[in-house]
Amino acid sequence: MAVRLCDVASLLRSGSWAPEPWTGQVIAAMETQLSNGPTCNNTSNGPSTISNNCSSPVESGSIEDSKTNLIVNYLPQNMTQEELKSLFGSIGEIESCKLVRDKITGQSLGYGFVNYVDPKDAEKAINTLNGLRLQTKTIKVSYARPSSASIRDANLYVSGLPKTMTQKELEQLFSQYGRIITSRILVDQVTGVSRGVGFIRFDRRVEAEEAIKGLNCQKPPGATEPITVKFANNPSQKTSQALLSQLYQSPNRRYPGPLAQQAQRFRLDNLLNMAYGVKSRFSPMAIEGVTSLAGINIPGHAGTGWCIFVYNLAPDADESILWQMFGPFGAVTNVKVIRDFNTNKCKGFGFVTMTNYDEAAVAIASLNGYRLGDRVLQVSFKTNKTHKA
DNA sequence: TTATATT
């Protein structure tokens, strides 16, 4: 499995945090087809590091530079540890895998760790999966730094920034105090204009402390007003109120999306209703409707999710291509490329399992007939055609 | 003062 990914690894290789151009192509195509598809337009998922991608070992003082242990950031909220394992397991053998969750609520904190057996697979995972789009997120895959108290609580909140200041300029301002792990400038969701607020995460807390000393209440070069620099609120230190409201949030309420997207779902609802007599989970009937399907023979429904049949894949197709294509549409629990036992080449088809019916339906509607390379894919719910009576 | 960067 490790070897098979090599070809695509080079295809998808990005080396940096930015999504690779190839992915962009697929996404662009899907957005065109969908008009306002599940690939949400929100730009809140763009924290990045300009100066480095933190994939190189820490220069000094680092004892155990693990070349097998990865940290995965910006995971979709609803992604489970099993899905994480499934995704990264498609690269190579995993020694351990952990999705970090809130101790009290059990909710995903949006990041996790994947430790491979083979360092080569870890490197391959960075090259192939960093920048992968999953639902509204663009995941980041990088080497985990050795765990240490010194790297915790190193995130700074910066306000009062000149509206014209770019992320690069922000990093330039702060980089004199240490190694920046990630940075972000918040922008108005509508206009895209800077809100004058940003975040800087340093490698170590001491660096963050020095930056506060040096930059808080100081005017950046050319600025007319001083900026405020302080430690960012730690998400793990929530008020009991916030925790409560989090607990009472419906688990079905994920990514409500823009109006256009809801309109799309509404139309889809009607289609589904006509075809199967089902309502999606976005309608009041959601839970009841889906539950009532248990035991009824609906195409592709396997109890653990909705199995999708993907036909006309190229011989060198691999799992990563299926993640790439289906991941943006919603929760994908599993992907599988069917290969010839002897040649190890794809036999032209594969399967994808998605948790939610409507997301699977949108994926099918969008990807059926999709041109991948010189092939036109056929995508549908899996049927039991081959079943012998 | 963001969805969530150290198990």
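Each chain gets a letter, A, B and so on, in the order the sequences are listed, and its residues count up from 1. Heavy-atom basis, side chains included; hydrogens, waters and symmetry copies ignored.
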If the cut-off is 4.0 Å, is K137(A) near the phosphate of dT4(B), judged by side-chain N/O to OP1 or OP2? yes
So K103(A), base contact, sugar-phosphate only, or nothing? Heavy-atom distance under 4.0 Å. nothing
Quick one: which of dA5(B), dT6(B), dT1(B) gets closest to the side chain of Y157(A)? dT1(B)
Phosphate oxygens OP1/OP2 of dA5(B): is one of them under 4.0 Å from a side-chain N or O of R201(A)? yes
Nearest-nucleotide pick for L186(A), side chain only, options being dT2(B), dT7(B), dT4(B): dT2(B)
Side chain of Q77(A) only, please: which of dT4(B), dA5(B), dT7(B) is the nearest? dT4(B)
Determine yes or no for a side-chain-to-main-chain donor-acceptor pair under 3.5 angstrom, with D340(A) supplying the side chain and C346(A) the backbone. no
Identify whether any heavy atom of S108(A) sits under 4.0 Å from a base atom; if not, whether one sits that close to sugar-phosphate; answer base, sugar-phosphate or nothing. base
Please confirm whether the backbone N or O of D203(A) pairs with a side-chain atom of E207(A), one donor and one acceptor, at under 3.5 Å? yes
What do you reckon, do F199(A) and the base of dT2(B) stack, with centroid distance below 5.5 Å and planes below 30°? yes
Examine dT7(B): is either OP1 or OP2 under 4.0 Å from a nitrogen or oxygen in the side chain of S147(A)? Give yes or no. yes
For Y111(A) and dA3(B), what is the distance between atoms OH and P respectively, to the nearest whole Å? 17 Å
